[in-house]
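Have a look at the structure below before the remarks.
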Amino acid sequence: MSNSSYNPYEIAQQQFDSVASKLDLDAATRELLRQPMREYHFTIPVKMDDGTTKVFKGFRVQHNDARGPAKGGIRFHPMETIDTIRALSMWMTWKCSVVDIPLGGGKGGVICDPRNLTEREQERLCRGYVRQLARNVGPNTDVPAPDVMTNAKHMLWMLDEYETIHGSRSPGFITGKPVGMGGSLGRTEATGFGVVYVLNEALKNLNMPIENTTASFQGFGNVSQYAVRLYQQLGGKVVAISCWNETDKKAYTFRKLDGMDIDALASITDSYGTIDKEKAMNLGYEVLSGEAWIEQDVDILIPAALENQITIENVHKISKQVKVICEAANGPTTPDADKIINERNIFLIPDFLANAGGVTCSYFEQVQSNQNYYWEKDEVLAKLNIKMTSAFKAVYELAQSKNLRMRDSAYVIAINRVAQAVKSRGWV
Ligand code: NAD
């Protein structure tokens, strides 16, 4: 889903190169880590309900598995690109490393619009995706998960196809499964809650009591909905949320300055995270332009939709009141905008730390699936909080002691660990 001006893979490589220079990495390690180790490009023919056959394009990229099996979601999106998948697989490597879980980085995608596919067509697409990859993924090689526009139902179809091909039960092959079918309690909440665990830790360090803060969110999908929920439970006030409207082919921002009722809002939101405009107006919400989320006079901005959303074109619209940006989405800030955010002294929690709750809980799910023993929800969330908080502390302490930005500090920790693993294995 890159646009012509921003290529996420180039951004991911630029970010890596700048940290590799700081770390003085040798040439071979640099070359190995700045690109994926493996890529699969394939076609998926799907029998449509009307009797025709449609051929979809699918990808799976394994960036690096030195620290453990590759791990990463599968996205369904009409504008998916291989460079987006490459970038995301690379970010997964750093993400698993920064929270110190024994997994590498992978990512997959299919160019399709599931909103225009029936249930049965989606099932055939999921099964077709796994048929093309069954020999190259698995609990000890590469473990997929849900991502943009994929969900637990898709994961179970993929697991079923994988198990049918291999002739045995392998619940550790895929994560994000339905609870009761190998899924972990807490997985649905994990990414959004993880965002708020690190945000809360940041606010403590910045002497900003969470209950005195206000926030504006971009996106109202899985990540955003749970982040909003926990942020409000901890006392924060959400005044604006934007989301995409497929019928109008544009985004809108919904605003209520005295705070938003998350349950009421969730009840008028579809499964793709689109808030019903008319119903929202009836509930007293102002409906503003899609970009308005970034212009609000709030303390915290949380981009939780897509990549390349805070750009050189709109970064100047960020209010003087904003003290913290917590990147819940992957790659929401372009490097030129990032530079300006840094110059303005806005405290930015980088994506691969902020949204690592999902993969951390996926790791917990895999551990539970492999053991065939499932934990209570409180246990999962308590373990998640410990992992996220200690990762934040390590990044924050290094940033303070070496006078680094949080993004660079997180990269230094993550890349160092992977470079060490690559060296210890004798690859370079
Ligand atoms: P989702 O599909 O559930 O929700 C996406 C939301 O963004 C929807 O509300 C959609 O309407 C909105 N949106 C799309 N385009 C928009 C636009 N132009 N302006 C405003 N809103 C727009 O996706 P999700 O699972 O919540 O993921 C969101 C982001 O978080 C992605 O970048 C994803 O890669 C990342 N992420 C997700 C997880 C996870 O566990 N789901 C984990 C880590 C990172």
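All ligand and atom numbering here is 1-based and tracks the order in the structure.
A donor-acceptor contact closer than 3.5 angstrom is absent between the side chains of Glu307 and Thr84.
The number of heavy-atom neighbours closer than 6.0 Å to NZ of Lys54, taken from other residues, nucleotides and ligands shown, is 12 or below.
Here the closest non-hydrogen pair linking Ala410 and Val98 is O-CG2, 3.8 Å. Residue Ala329 comes nearest to Asp351 through the heavy atom pair O-CB, 3.2 Å, listed as atom of the first residue, atom of the second, then distance.
Not counting sequence neighbours, the partners of Val367 by the side chain to side chain contact (heavy atoms under 4.5 Å, CB included) test are Tyr363, Gln371, Trp375.
Contact residues for ligand 1 (protein heavy atom closer than 4.0 angstrom to any ligand atom): Arg75, Lys95, Asp147, Val148, Met149, Arg187, Thr191, Gln218, Gly219, Phe220, Gly221, Asn222, Val223, Ser242, Cys243, Trp244, Ala251, Tyr272, Gly273, Ala304, Ala305, Leu306, Ala328, Ala329, Asn330, Asn355.
A distance below 6.0 Å separates the ring centres of Phe16 and Trp94.
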